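What follows is a short report on a single structure.
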There are 2 protein chains.
Amino acid sequence: MKFATIITIGDELLIGQTIDTNSAWMASKLNTIGISIKRRIAVSDQWKEIWSALDEESKQADIILITGGLGPTSDDITKTLLARYFNGELIVNQEALDNVIDIFTHKLKRPLLERNLKQAEVPSTCKVIPNKRGTAPGMWFDQNEKIFVSMPGVPHEMKGMMEDYVIPHIQKRFELTPILHRTLLTAGIGESFLAELLISFEAHLPSEIKIAYLPNYGMVRIRLTNADGRAQEKLDACFENLKILVKDYLVVDRDISMQEYVAEQLLASKKTLAIAESCTGGYISHLITSIPGSSRFYLGGITSYANDVKENILNVPKSILLEKGAVSEEVAQKMAEGARLKTGADYGISTTGIMGPDGGSVEKPVGMVCMGFSSKDKTISAVFQFRFDRKRNIELAAIHALDFLRKNMG
Amino acid sequence: MKFATIITIGDELLIGQTIDTNSAWMASKLNTIGISIKRRIAVSDQWKEIWSALDEESKQADIILITGGLGPTSDDITKTLLARYFNGELIVNQEALDNVIDIFTHKLKRPLLERNLKQAEVPSTCKVIPNKRGTAPGMWFDQNEKIFVSMPGVPHEMKGMMEDYVIPHIQKRFELTPILHRTLLTAGIGESFLAELLISFEAHLPSEIKIAYLPNYGMVRIRLTNADGRAQEKLDACFENLKILVKDYLVVDRDISMQEYVAEQLLASKKTLAIAESCTGGYISHLITSIPGSSRFYLGGITSYANDVKENILNVPKSILLEKGAVSEEVAQKMAEGARLKTGADYGISTTGIMGPDGGSVEKPVGMVCMGFSSKDKTISAVFQFRFDRKRNIELAAIHALDFLRKNMG
């Protein structure tokens, strides 16, 4: 088994101005090809910190992936440090220089500055990794049987390099056995209850197979892992057992999101969807439209924050709004129906609720959300109570609305 | 200066199934009270890894914050390990037990399982940190002049503990000098060009003041930091100079987001907003409605994914859709106008474009986005070209649409 460490460099990570989304993506890619991630570390833009992280991590890992600190400004020192660390000097790389010139001349159409030309300098002791999406080249060092890779912190640049160069070159360089995972998604049951259901299953798992519970948005994913990539059949057999045990709560037996699953079902059944959102404010629509090709089943949505919009665009009767209030099952039903009829979609779903921090009452507390579903056959609703902050209440309401759709659609 | 390390525990972090948002939040909170974050580390749910991380990090940091691995299932070993590490044994804490019972009886209304009761066990050598939002108590260890704090990985539970207990107790325990930051947000200029503009400014900065460029969504934040909390005046003076130098690109001289700034402006001018989104699919609406109190200025939005929705709800004339195509400045203008007129808002904004990966052509490539702005005085549009993947194109288009609003509103 080969081990990797991910080192992310940047003060912005340590003062909390930036959330590190790179590491999770990199970890998942490396995992797929059979590399286990030992640790993930974030250090500041300081010479001593970076240097000692390289020293320490290379004691334990075979592959050290570094992101960040390659920008054109004075706080970026990674490249100078790497030149020194690997006993080289900074030299201009012609291919990287051509790339910088091309980007400024043809894509950005801006004058080229001295500091941008410096982007084409690399340590003389590295192999250059081309950057098709930006000006900073990546660097590959092979030293004492260990690989060090330095990439920009900009996510889409890093991703391009990983996919086009780093992953294939690591696969060439090491003999790897893939790590096997099988994951399923459950809804409507808590982590403790699932674990209770699976006591005997866990007790009888072969020792090389690990189980993990991953709760998120009120749903729980269960993952079985086998680090010995030769035992696919054994893992599959355990996974089939697991599926039977959790069948009442099973959403899907693959590691996809609720929205991806709903999208698949809509496409497969050739049905279309429209969404009327009040309290979720466009978030469900965003989840759906983040899926490539969603225009094939998603017609559109109405974010009806104001009551007038509920009335005028979604045709929710004023009398119901006045009598029952905007946050009510009756309004949720009319909203879902309105979205469906107004767009001509097969299904309409809706949310209306109180997300906080203000606006709650004893009768309708913060976190109360009414959801509607409408098809030509039925229009129904349900009430949920979430107990968290605004951001999390929005996320939970969105996922539960999609689950409500999943359960009720054809 | 006191130093902290954040250790996050969990296999899910190392196989890339979970993005760590906790660390950034914690770092930002600690920074505000004058604690510098040395490193952030993620390790797996393995005894050896956690143990050696505690050993190593406590050599360099004064405060070691640990999250994760406190759940009720078998893969959670943090508590057992901490009991051993700090020479204690697991004992039931009455307050934590009452909390578990209360949550199950009154909030979840579910039967209480043996494994849930175990949540109330803590190492005998710790002080218990109450968890108002969940069943797992936090733990505070004070040993050899160093503080170790263990909290659940569930973000809202961790945040509650940090705010109610950990931050105030750290402030009591250490004498701290706040770290001063001042941050401004620019738009419409790249990182290199900003740096070029600020060469002389950087050269003359007092040695204790650091500058950092934080590019994000095509905008750049510039941050000045002074770790010596007594020099507020010096920092302020530098910051005022900086503001003058970047005045042509300055959005706001505080560390807030584009959407927060736009929200402030709308509230201050008592104007209302409506949004018509095609390619951004509800994301702008989500950004706006994530702000508490947004219902005071945001009336609603229409996500018009299908052309019929553009025509029927936003009243975009069919002839324009046919002649110019859905992705065109003419359609963007009609959409913005339609959103405004349909909802009665003061301002309407819109997006229509091609987000990828498919759907591009030579004339209208992936990443092309038309934006519209409409008020009673004018209806205008602009075209942008983004060059990234779907997710990032959506994010960039949304922020640029808000910037387009900012520039054009009263």
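The shown structure was predicted, so the numbers you read here are calculated from the model rather than taken from an experiment. The sequence lines fix the lettering, A, B, ..., with proteins before strands; numbering per chain opens at 1.
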What part of [X] gets closer than 4.5 Å to chain A, counting heavy atoms only: side chain, backbone, both or neither?
| X | value |
| --- | --- |
| B:E202 | side chain |
| B:S295 | both |
| B:I7 | neither |
| B:L113 | side chain |
| B:E57 | side chain |
| B:N307 | neither |
| B:K38 | both |
| B:F297 | neither |

Partner chain A: residue of [options] with the largest heavy-atom pair count (under 4.5 Å):
| options | value |
| --- | --- |
| B:S36, B:P155, B:A306 | B:A306 |
| B:D358, B:N312, B:D11, B:D389 | B:D11 |
| B:P357, B:S294, B:A42, B:G153 | B:A42 |
| B:C279, B:G344, B:A195, B:G359 | B:A195 |
| B:A274, B:P111, B:A212, B:G190 | B:P111 |
| B:R392, B:R390, B:Q46 | B:R390 |

Tell me whether [X] contacts the main-chain N or O of [Y] through its side chain, where contact means a donor paired with an acceptor under 3.5 Å.
| X | Y | result |
| --- | --- | --- |
| B:R40 | A:V43 | no |
| B:R39 | A:E49 | no |
| A:T289 | B:G281 | yes |

For the candidates [options], which exhibits the highest count of non-hydrogen atom pairs separated by less than 4.5 Å from chain B?
| options | value |
| --- | --- |
| A:G160, A:S23, A:S285, A:G293 | A:S285 |
| A:Q60, A:E114, A:R223, A:E157 | A:R223 |
| A:S278, A:S304, A:A53, A:S290 | A:S290 |
| A:E12, A:K29, A:R115 | A:R115 |
| A:H181, A:M26, A:K159, A:M355 | A:H181 |
| A:K310, A:E277, A:K391, A:R221 | A:R221 |

With a 4.5 angstrom heavy-atom cut-off, which part of [X] approaches chain B: side chain, backbone, both or neither?
| X | value |
| --- | --- |
| A:Y298 | both |
| A:L314 | neither |
| A:I302 | both |
| A:L214 | side chain |
| A:T183 | side chain |
| A:L299 | both |
| A:I394 | side chain |
| A:D76 | side chain |
| A:E56 | side chain |

Spacing of [X] atom [atom1] and [Y] atom [atom2] [to the nearest 0.5 Å]:
| X | Y | atom1 | atom2 | value |
| --- | --- | --- | --- | --- |
| B:D20 | A:T21 | CG | OG1 | 11.0 Å |
| A:I179 | B:I15 | CD1 | CD1 | 8.5 Å |
| A:F3 | B:L14 | CZ | CG | 11.5 Å |

Give the intermediate values and the outcome of salt bridge (Lys or Arg N to Asp or Glu O under 4.0 Å) for residues A:K210 and B:D45.
CA-CA 11 Å; A:K210 283 188 76 180; B:D45 287 310; 5.8 Å; no
Set of residues satisfying salt bridge (Lys or Arg N to Asp or Glu O under 4.0 Å) with respect to A:D308, sequence neighbours excluded
none
Could you walk me through whether B:I19 and A:I19 pass side-chain contact (heavy atoms from CB on, under 4.5 Å), step by step?
CA-CA 8 Å; B:I19 289 172; A:I19 289 172; 4.0 Å; yes
List the residues meeting side chain to side chain donor-acceptor pair (under 3.5 Å) with A:T343, not counting sequence neighbours, and say none if there are none.
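By the side chain to side chain donor-acceptor pair (under 3.5 Å) rule, A:T343 matches no residue at all.
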How are the rings of A:H286 and B:H286 set relative to one another: parallel (under 30°), tilted (30 to 60°) or perpendicular (over 60°)?
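Because their plane-to-plane angle is under 30°, the rings of A:H286 and B:H286 count as parallel.
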